[in-house]
Amino acid sequence: MRLGLALGYWGRGPDPDHVPLAQEAERLGYDSVWTAESWGSDVFTPLTWIAARTSRIRLGTAVAQMAARSPTTTAMHALTLDHLSGGRVLLGLGLSGPQVVEGWYGRPFPKSPLTATREYVDVVRQVLRREAPVELDGRFHSHPYRGADGTGLGKALKPITHPLRPRLPVLLGAEGPKNVAQTVRIADGWLPLYWSPSRPEAYGEAVAELPDGFMVAPMAQVKVCDDVAQGLLPVKAMLGFYIGGMGHAARNFHAELMARMGYEEEARRIQELFLAGRREEAVLAVPDAFADEISLVGPRERIAERLELWRKGPVTDLLALAPDPHTLRVLAELNS
């Protein structure tokens with residue numbers, strides 16, 4: 001099982017520790033470093049900054065939101081950074097949810113998310129292969145554009161720049177069983193959310209039969225500490241925000257996943273508290289058991305024991321949300 005460092009997205013501004021952490025991860029033998037985006041900092045610019053200050057570690061987006069860019073724009077970002085970094089890019093894509101897509105990006109959330117994702121990946125693949133001009137008679141991503149409000153003058157094109165790697169890896173963030181099944185069919189890897197080594201069935205039957213070389217790369221908060229309950233508080237804060245606030249009460253993919261993992265009543269309660277403005281109560285309502293099974297928190301010996309569960313399943317890459325060098329080092333030692 002390879003290790004990756006997940007840095008997430010910025011809050012108030014650039015984190016001065018991100019580049020030193022990435023450099024330390026590279027020194028310790030970590031395979032990859034990952035950035036993210038939401039309605040704030042973008043995913044590619046920080047990764048480019050890190051690329052310029054590292055030499056070997058692979059560079060992943062977890063995730064680049066599809067609504068933020070047309071598929072050809074995303075492919076341009078990926079092939080440009082792949083050239084500049086010497087072929088180190090892992091392109092992770094995600095659809096996000098209706099609140100973000102429509103509220104922040106000002107676009108309609110697709111009525112058929114599976115079709116929209118499939119078309120998006122198809123266009124990205126065409127750009128990176130550069131075998132012919134990009135053409136797709138799609139429902140969501142037509143190339144050239146043929147809508148009634150267009151000029152009719154669009155021309156099929158292929159990128160001027162030759163991609164460094166025609167098979168640059170494409171991974172998808174997917175939560176529902178149908179989405180996971182499609183991911184296994186069309187992508188090179190999967191970025192699960194809230195992975196529990198003891199509940200792979202929550203993601204559907206596709207997890208049981210994965211192609212050779214297929215990446216399964218979940219994020220997990222990792223913290224070496226003596227007090228497990230204290231160490232779980234940041235995990236619970238993250239869960240409270242995502243399950244309570246990252247989606248509408250009637251459509252929240254994160255809450256739906258928590259429910260499939262056996263915590264339906266708790267997920268509903270977290271949503272109710274968060275949406276009522278009682279955010280601290282929402283965080284405290286996150287069960288310690290749920291926070292614990294999707295993270296690696298506690299003394300070194302406890303993490304070592306629990307790490308064995310992660311190794312026994314389909315996970316190929318553990319992406320550690322680990323904000324301190326000591327935790328990074330201990331995880332590297334335990335995984336060696």
Side-chain angles (χ1 to χ4, degrees), residues 1-9 31-38 43 58 60-66 90-97 113-114 117 121 169-211 213-222 235 238-239 241-243 246-247 252-263 267 286 290-297 306-322 331 335:
M1 186 174 68
R2 295 178 294 254
L3 295 179
L5 168 64
L7 296 174
Y9 46 79
D31 179 75
S32 57
V33 58
W34 302 73
T35 55
E37 65 186 1
S38 192
V43 71
R58 293 199 289 176
T61 59
V63 293
Q65 296 185 331
M66 296 185 219
L90 298 162
L91 180 59
L93 303 172
L95 197 57
S96 192
L114 291 176
T117 299
V121 172
V170 175
L171 299 88
L172 293 175
E175 295 180 45
K178 290 183 180 179
N179 202 349
V180 173
Q182 174 172 269
T183 296
V184 173
R185 291 195 303 271
I186 70 172
D188 301 299
W190 171 40
L191 296 161
L193 189 67
Y194 313 150
W195 176 262
S196 169
S198 59
R199 301 177 194 265
E201 70 281 355
Y203 286 100
E205 297 178 359
V207 179
E209 297 184 15
L210 299 172
F214 188 83
M215 290 180 65
V216 178
M219 287 189 194
Q221 292 204 37
V222 185
V235 185
M238 177 272 293
L239 288 169
F241 176 65
Y242 273 75
I243 292 162
M246 287 286 274
N252 183 314
F253 301 133
H254 311 301
E256 292 168 10
L257 174 58
M258 183 178 175
R260 287 198 304 276
M261 297 177 79
Y263 297 91
V286 176
F290 180 54
D292 195 29
E293 69 178 271
I294 65 168
S295 61
L296 289 162
V297 172
R306 295 171 63 81
L307 197 59
E308 291 303 314
L309 294 174
W310 291 73
R311 288 200 187 96
K312 290 177 181 177
V315 173
T316 61
D317 297 75
L318 171 60
L319 311 185
L321 286 156
L331 187 60
N335 196 58

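For this chain, numbers begin at 1 and follow the sequence in order.
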For a quick test of reading the model, state the closest non-hydrogen atom pair linking [X] to [Y] and the distance between them.
X    : Y    : result
S295 : V297 : OG-CG2, 3.7 Å
L318 : A220 : CD1-CB, 3.8 Å
W34  : A62  : CE3-CB, 3.5 Å
M261 : Y194 : CE-O, 3.1 Å
P197 : L309 : CB-O, 3.7 Å
V43  : T35  : O-OG1, 2.8 Å

Distance, nearest 0.5 Å, that separates [atom1] of [X] from [atom2] of [Y]:
X    : Y    : atom1 : atom2 : result
L7   : M219 : CG    : CE    : 9.0 Å
M238 : I243 : CE    : CD1   : 7.5 Å
L331 : L3   : CG    : CG    : 4.5 Å
R199 : L257 : CZ    : CG    : 11.0 Å

Quick one: does any side-chain atom of [X] pair with a main-chain N or O of [Y] as donor and acceptor, under 3.5 Å?
X    : Y    : result
Q182 : L114 : yes
S196 : I294 : no
T61  : L91  : no
D188 : V170 : yes

For [X], all residues meeting salt bridge (Lys or Arg N to Asp or Glu O under 4.0 Å), sequence neighbours excluded:
X    : answer
R306 : D292
E209 : none
E175 : none

- How far apart are the C-alpha atoms of L172 and M66, what are their side-chain angles, what is the distance that settles it, and do they pass the side-chain contact (heavy atoms from CB on, under 4.5 Å) test? CA-CA 10 Å; L172 293 175; M66 296 185 219; 4.1 Å; yes
- Message: Could you work out, with side-chain hydrogen bond (donor to acceptor under 3.5 Å, both in side chains) as the rule, every residue matching Q221, not counting sequence neighbours?
- Response: none
- side-chain hydrogen bond (donor to acceptor under 3.5 Å, both in side chains) filter on R2, not counting sequence neighbours, yields D317
- Plane angle bin for F290 and Y263 - parallel if under 30°, tilted between 30 and 60°, otherwise perpendicular: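 Taking F290 first and then Y263, their aromatic rings sit tilted (interplane angle of 30° to 60°).
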- Task: For E205, look at atom CD and say whether over 12 heavy atoms of other residues, nucleotides or ligands are found less than 6.0 Å away.
- Result: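 Atom CD in E205 is not crowded, with 12 or fewer foreign heavy atoms closer than 6.0 Å.
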- Task: Could you check if a side-chain atom of P314 sits within less than 4.5 angstrom of a side-chain atom of F214, using non-hydrogen atoms only?
- Result: no
- Does any non-hydrogen side-chain atom of L239 lie less than 4.5 Å from one of H254?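 In short, these two side chains do not touch, never coming nearer than 4.5 Å.
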- Return the set of residues passing ring-ring contact (aromatic ring centres under 6.0 Å, His included) with W190 (not counting sequence neighbours), or none when no residue passes.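 So W190 forms a ring-ring contact (aromatic ring centres under 6.0 Å, His included) with W195, Y203.
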